[in-house]
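Notes to accompany the following structure.
Computed from a prediction, not measured in an experiment: that's the story for all the values here. What you see below is based on every heavy atom in this structure, not just the backbone, and it leaves out hydrogens, waters and symmetry mates.
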Amino acid sequence: MKTLIKSVLTASISAALLAQTAQAATYEVIDLGLVDDVKHTYGIERNIAGKTLISGQTGYNFPVQFEFPYLDEDDFDDIVDLADAQHEQVFDLNDIEDEDALRAGNPTANDLSWTMRYLQLRGTDIYQQIGDTFIFINDGQETKQLNIFDQEIPGTGELSRSTIESPGGITDEGWIFGTSSSPFLPLPIFIDDDDDEVIHWVRHSTDGDPLEGFASRGWVSFDGDEIVELVPFEDTYGGLSAVNDINVHRVAVGTSSVAINPQTWEDLNDDDDRGCYDEDWVGDVIPFEVCISRYKGALYFSNAIKWQVDENGDVEAIDLGTGIVNIDEDDDRSFTSSATSINDNGIIVGFSHFWWDEDETTPSENERVGSFAAVFRDGNVIDFTDRDDWFDSRAVDINNEGIFVGYMWGYVNGNPRSKFFYADADAEADEIVPVFPEDFFPGSSSVAHAINENGVIVGEGEYETHNDSTAARRRHGFVYDSKIDKFTDINDFLSCDSPYTVVEARDINENNEILATAFVKTLKLDSMGEPFIYDGEQVYEDVLRAVYLRPIDGEIEDCSKVEEKVERDGASVGIWGLMTLSLFGLRRRFFAK
């Protein structure tokens, strides 16, 4: 269950939804502020004290290691060739501006961007890795970045910025939780079988062990400084865990590795065929630590988990299991589950593997399975997805009344589409029946993110109706009141002259205050965080910004005339259209007038 700040406000969205005549411009948008270190921010959750957890992406001044042997002359040649071949197709990047400065490790912002693109395209462990995701906490006055597991690159004094940071939420007592990876750090120089000096980058654990690095580790912070790791059930070579929610009783839920995949373990320990004990491979071609890291992606079986956590950092973990039962003795496949939300009554929702045939009691070795929304209750893993209509499903949030939300994937006119639903987890197992409200239109994909104690649901969905496979449909945040069966585009509650376009709604409290993400136009910055200037003009761009939506009194404006003028002025391409143009290589420049 997720909560937001619980202040008393003058109006609520429910009143607005019930209105039969034009009245309140129902929301004011409170921008949670520019974060100087990143381009995009996303609202995650806000607690009773007004502290907001924010996710960030696309940072500035990435600490590329230019010196040999991190990059050699062949790499610089390739970077120059990449820019020469692609600069006409890449939005807002020019050809290499100063090759000598680049090779000396002092690039311009443009040339730094090309170097980062080169590293991302290479993607192998002999090149520096880029994470470029961040976690911030805003207390209403200032925004502070949280460093979860990142470490300095030896000898540089700079964090690696190679971790993947996924904030989960913040409780009313100020506990912050989420899931993050450990950093990619360089191993000592390795002399390969061609006598070349090579540096490999592998994940290192928090105590610096390159064998124990992890791609996913759940954590809790009681004060925003000290981080408590939720170590997996099975932590050989690091293991995997994730934290998705915490209730008022300090019970956390998520996922953990619970066993080793025996086939992967056998392959890893093989002394032939590129196993980690193959002497013609390990120690000759690659280091042992690199070999281990390459097997980790398939090394673990994972299940939904709940942890009881106290302020001393003591943790008790319980495996919630999966929906797979009566497994054939020859079936060695990996079945998994995940817990995504827990309410204060201890009911947990998420998803799990189940047999496709719900009535199967004697499954075969290759029995068909699916991944479907699940309710974890009273030691049972309950399945309720109708296979005739849906081929995949997820439950994502539950309130204290036992009403939970999620989405299911099915086919609409032959195309896969997701549709949000709500259901009652307190019902008997065979009476959990999902309700699918009408959303933007029948062929729209929609996803629910949260539900409050009033039964009001927020999420996002496609509001464009085109079927152009080369252009993604643009999305808007929505609010749905299950008590009166009313679905509304959140942007309809903003003033006509609002500079914000809400593209997703992430959280909502009992007072119908919403934490969301919106597009807003702002000064464009280059890869070093400086204003981007083109032909002497300042350039502006649309960025994603975490925003807080608060109900207000006022008159709803008739925006139809404004919309007609926008269309006549040729601005109907919109934000998503501009993003699509850049993705497909059409070079455009947009300037302040």
Side-chain angles (χ1 to χ4, degrees), residues 1-4 6 45 47-48 168-179 218-220 222 228 230 232-233 241-256 258 302-323 325 336-352 354 372-384 393-406 421-434 448-455 457 507-510:
M1 184 191 69
K2 300 178 176 66
T3 58
L4 280 170
K6 298 181 175 65
E45 192 168 12
N47 74 0
I48 194 171
I170 181 169
T171 69
D172 283 342
E173 61 182 329
W175 289 22
I176 304 167
F177 58 92
T179 304
W219 52 268
V220 176
F222 309 120
V228 176
L230 297 189
F233 259 42
S241 66
V243 176
N244 298 319
D245 199 12
I246 296 180
N247 71 5
V248 71
H249 304 297
R250 299 176 176 175
V251 178
V253 295
T255 308
S256 171
V258 295
S302 60
N303 282 354
I305 295 290
K306 69 175 181 180
W307 294 272
Q308 182 72 57
V309 186
D310 66 28
E311 61 274 8
N312 297 319
D314 295 327
V315 179
E316 179 185 0
I318 298 174
D319 184 349
L320 298 176
T322 76
V325 295
T336 189
S337 61
S338 180
T340 56
S341 185
I342 180 172
N343 68 10
D344 293 341
N345 300 317
I347 299 177
I348 300 167
V349 297
F351 55 92
S352 173
F354 294 94
F372 300 111
V375 174
F376 299 86
R377 190 185 69 193
D378 302 326
N380 299 310
V381 186
I382 303 170
D383 170 26
F384 54 90
S393 59
R394 297 287 186 271
V396 297
D397 192 30
I398 184 170
N399 68 15
N400 285 331
E401 297 298 316
I403 307 301
F404 68 101
V405 296
F421 73 86
Y422 67 93
D424 185 357
D426 286 329
E428 295 294 330
D430 58 356
E431 295 179 357
I432 297 178
V433 179
H449 288 306
I451 181 171
N452 70 3
E453 300 304 322
N454 304 321
I457 300 165
D507 205 5
I508 183 168
N509 75 344
E510 292 88 330

Look up atom [atom1] in [X] and atom [atom2] in [Y], then write down how far apart they are to the nearest 0.5 Å.
X: L320; Y: F376; atom1: CG; atom2: CZ; value: 6.0 Å
X: N452; Y: N509; atom1: CG; atom2: CG; value: 7.0 Å
X: I48; Y: I170; atom1: CD1; atom2: CD1; value: 12.0 Å
X: I382; Y: N380; atom1: CD1; atom2: CG; value: 5.5 Å
X: R250; Y: T171; atom1: CZ; atom2: OG1; value: 8.0 Å

Within the 4.5 Å heavy-atom criterion, are [X] and [Y] side-chain neighbours or not?
X: W175; Y: V309; value: yes
X: I347; Y: I398; value: yes
X: S302; Y: F233; value: no
X: S341; Y: V396; value: no
X: D245; Y: F177; value: yes
X: W307; Y: I246; value: no
X: D424; Y: I432; value: no

Under the 3.5 angstrom rule, does the side chain of [X] hit a backbone N or O of [Y] as a donor-acceptor pair?
X: Q308; Y: H249; result: yes
X: D319; Y: I305; result: no
X: N244; Y: G254; result: no
X: N454; Y: E510; result: yes
X: D397; Y: I451; result: yes
X: S256; Y: P232; result: no

Residue pair [X] / [Y]: nearest heavy atoms and the distance that separates them:
X: A425; Y: V375; result: CB-CG1, 4.1 Å
X: G168; Y: E45; result: O-OE1, 4.0 Å
X: R377; Y: A427; result: NH1-O, 2.8 Å
X: V228; Y: F222; result: CG2-CE1, 3.6 Å
X: T340; Y: F351; result: CG2-CE2, 4.0 Å
X: I176; Y: W219; result: O-CZ3, 3.5 Å

Donor-acceptor side-chain pairing of S337 and S352 below 3.5 angstrom: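 No donor-acceptor contact under 3.5 Å links the two side chains.
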D344-N400 side chain donor-acceptor pair, cut-off 3.5 Å: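 Result is yes, a qualifying pair exists.
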Pair F404 and F384, ring centroids less than 6.0 Å apart: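 Yes, the ring centres sit under 6.0 Å apart.
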Candidates N247, V251, V381, V253 - the one meeting side-chain contact (heavy atoms from CB on, under 4.5 Å) with I348: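 Per the side-chain contact (heavy atoms from CB on, under 4.5 Å) rule, the option paired with I348 is V253, out of N247, V251, V381, V253.
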From CA spacing to verdict: side chain to side chain contact (heavy atoms under 4.5 Å, CB included), T255, N303: CA-CA 6 Å; T255 308; N303 282 354; over 6 Å; no
